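In this text the structure is predicted, and so the values were computed from the model without any measurement. Below, chain A is the first sequence line, B the second, and so on; all start at residue 1.
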2 protein chains.
Amino acid sequence: MSLTYAPRMKEQNYKLDAVETIPPGKKKIIDALKALLEKKEFDTITTAEIAQTAGVSEALIYKYFKDKRDLLYVVLRDYLDEYLARFESDLKGIEGHLNRIRRLIWMHIHVYASNRVMAKILSLVVRGLPDFYASETYDWIVTVYARRVLNVIEEGIRSGEIRSDVPPKFIRQVLLGSLEHICLREVIFDKEIDPDELTENLCKLLFRGIENRDNPQAT
Amino acid sequence: MSLTYAPRMKEQNYKLDAVETIPPGKKKIIDALKALLEKKEFDTITTAEIAQTAGVSEALIYKYFKDKRDLLYVVLRDYLDEYLARFESDLKGIEGHLNRIRRLIWMHIHVYASNRVMAKILSLVVRGLPDFYASETYDWIVTVYARRVLNVIEEGIRSGEIRSDVPPKFIRQVLLGSLEHICLREVIFDKEIDPDELTENLCKLLFRGIENRDNPQAT
DNA sequence: TAGAATTAATTAGTAACATTCACTCACGGT
DNA sequence: ACCGTGAGTGAATGTTACTAATTAATTCTA
């Protein structure tokens, strides 16, 4: 959940429970948007609807959030926090750097397959909202998630399992771009996603490339 | 330009010039939006602004276009037609199927580099508009452009230069996803794009994969 | 060439919706 | 008893996409 920001308790653990308590109205609003997003597109959801679903007044939304979009970014951040927890625990104890990448790919796809709301927000909605790129949530994605993916790649390079003649950041871009795009149609049209099959194919391509090594007339 | 749809002239070429003549107001509106998109985001542009720039009334927009978004899709389609023409002529006479893919990659990146308006519409705006996927423009992208890319891949497979154990459509997804994502940050933040450098790196990865072939302890 | 018919364009709204403003209520501390 | 603060609300407002009714211009045909 983590609706509060990093605790960062100074000195002793001082009134641990009340470090930053969340007002009931705020939580109700967040949950209301989450619920509505299960059934409707973000921009067909009105602030009136959110308020009604939450059982609060419309104006309260603007007490806790800069605007309707800001609320969306908080909801997204919430989902992302939840994902990262699983991410880290799932990556633990995987041996071999290519195996770690395979695992990362599978998890990324699996999250898109199982949390369609989050997948849609990320792939479809937020991308076209210019102020997203000034939000805390975007910052988190760049400084936490994208950096983590980069680490996995860099470790692979250091180990010698991954080639070192392409910049790790470039590899990351290709990886993340492929991941998003292979799920895109399914996310848009609400089709089933098969993480195992997609992972299998993406690893084939990403690890070994499209070139046919058995080609008699080699390049 | 092709503001008219496919001519498809039946019988003889019958009044060739006037097959479907475009009203001046319609063209003015399209050009107005194009001009405005050079300076502003799509959803900060109002219909009033478009009409004013075009020198027509606001209501005229709705004579020629279903709504504001529909107008955008027509503008996009216009840019795409222009691109495809260059695409086909540039691809002509390239020998070797991997070379053709390299050329395709370079052209795609180059268009993103040189037509930022189109790149933004495609990567950022249109994606989040649900009715885009019911538009003629989306249909065109799928049935013309995406199919053309698929052809290039399939020819490569048939020739033996490209591996055949990954579905060609999957290869296309990875290719298009990578292309979009390696330009994404630059498109969002209006940074320079270097087609040569990006093409070089993407081909390295896509053709040969990330695996280090010189790795002593091979997998 | 008159005038019917069709196409181009405009004027003047309207309804929806995000956002804001000024205000009330509850309550913990002194 | 009262001040300060945080939670919450009701009612208004301005913006904006979109529409209905109408007029102007152009093309077609007798």
Name all residues meeting the side chain to side chain donor-acceptor pair (under 3.5 Å) criterion together with B:Glu41; count only those two or more places apart in sequence or in a different chain, and write none if there are none.
none

Specify the separation, in whole Å, of atom CG of A:Leu60 and atom C1' of C:dC23.
15 Å

Test side chain to side chain donor-acceptor pair (under 3.5 Å) applied to B:Thr47 - qualifying residues, sequence neighbours left out:
B:Glu58

Using the ring-ring contact (aromatic ring centres under 6.0 Å, His included) criterion, which residues pair with A:Trp106? Sequence neighbours excluded.
A:His110

Roughly how many Å is it from CD in A:Gln52 to P in D:dT9, rounded to a whole number?
13 Å

From CG of A:Leu33 across to C1' of C:dA18 the rounded distance in Å is 14 Å

With A:Glu155 via side chain to side chain donor-acceptor pair (under 3.5 Å) - residues at least two apart:
none

Could you pull out all residues at least two apart from A:Arg69 that satisfy side chain to side chain donor-acceptor pair (under 3.5 Å)?
A:Asp131

Provide, to the nearest angstrom, the distance between the NZ atom belonging to B:Lys27 and the P atom belonging to C:dA9.
14 Å

Hey, could you give me each pair passing ring-ring contact (aromatic ring centres under 6.0 Å, His included) that has a residue in residues 44-76 of chain A? Not counting sequence neighbours.
A:Tyr73-A:Phe132

Any salt bridge between B:Asp139 and B:Arg77, counting N to O under 4.0 Å?
no

Could you list the residues that satisfy side chain to side chain contact (heavy atoms under 4.5 Å, CB included) with B:Leu122, not counting sequence neighbours?
B:Leu76, B:Leu80, B:Tyr112, B:Met118, B:Ile141

How long is the line joining CD of A:Glu49 and C1' of C:dA16, in whole Å?
13 Å

For the helix from C:dT1-D:dA30 to C:dT30-D:dA1, measure the angle between the helix axis at one end and the axis at the other, each built from five pairs, rounding to 10°.
10°

Nearest-Å distance for atom pair CD1/C1', residues A:Ile61 and D:dT9
13 Å

Protein-proximity profile, nucleotides 11-25 of chain D, B/S/- by nucleotide at the 4.0 Å heavy-atom cutoff, equals -----SBBBB-----

For A:Tyr64, which contact category applies under a 4.0 Å heavy-atom criterion: base, sugar-phosphate, or nothing?
sugar-phosphate

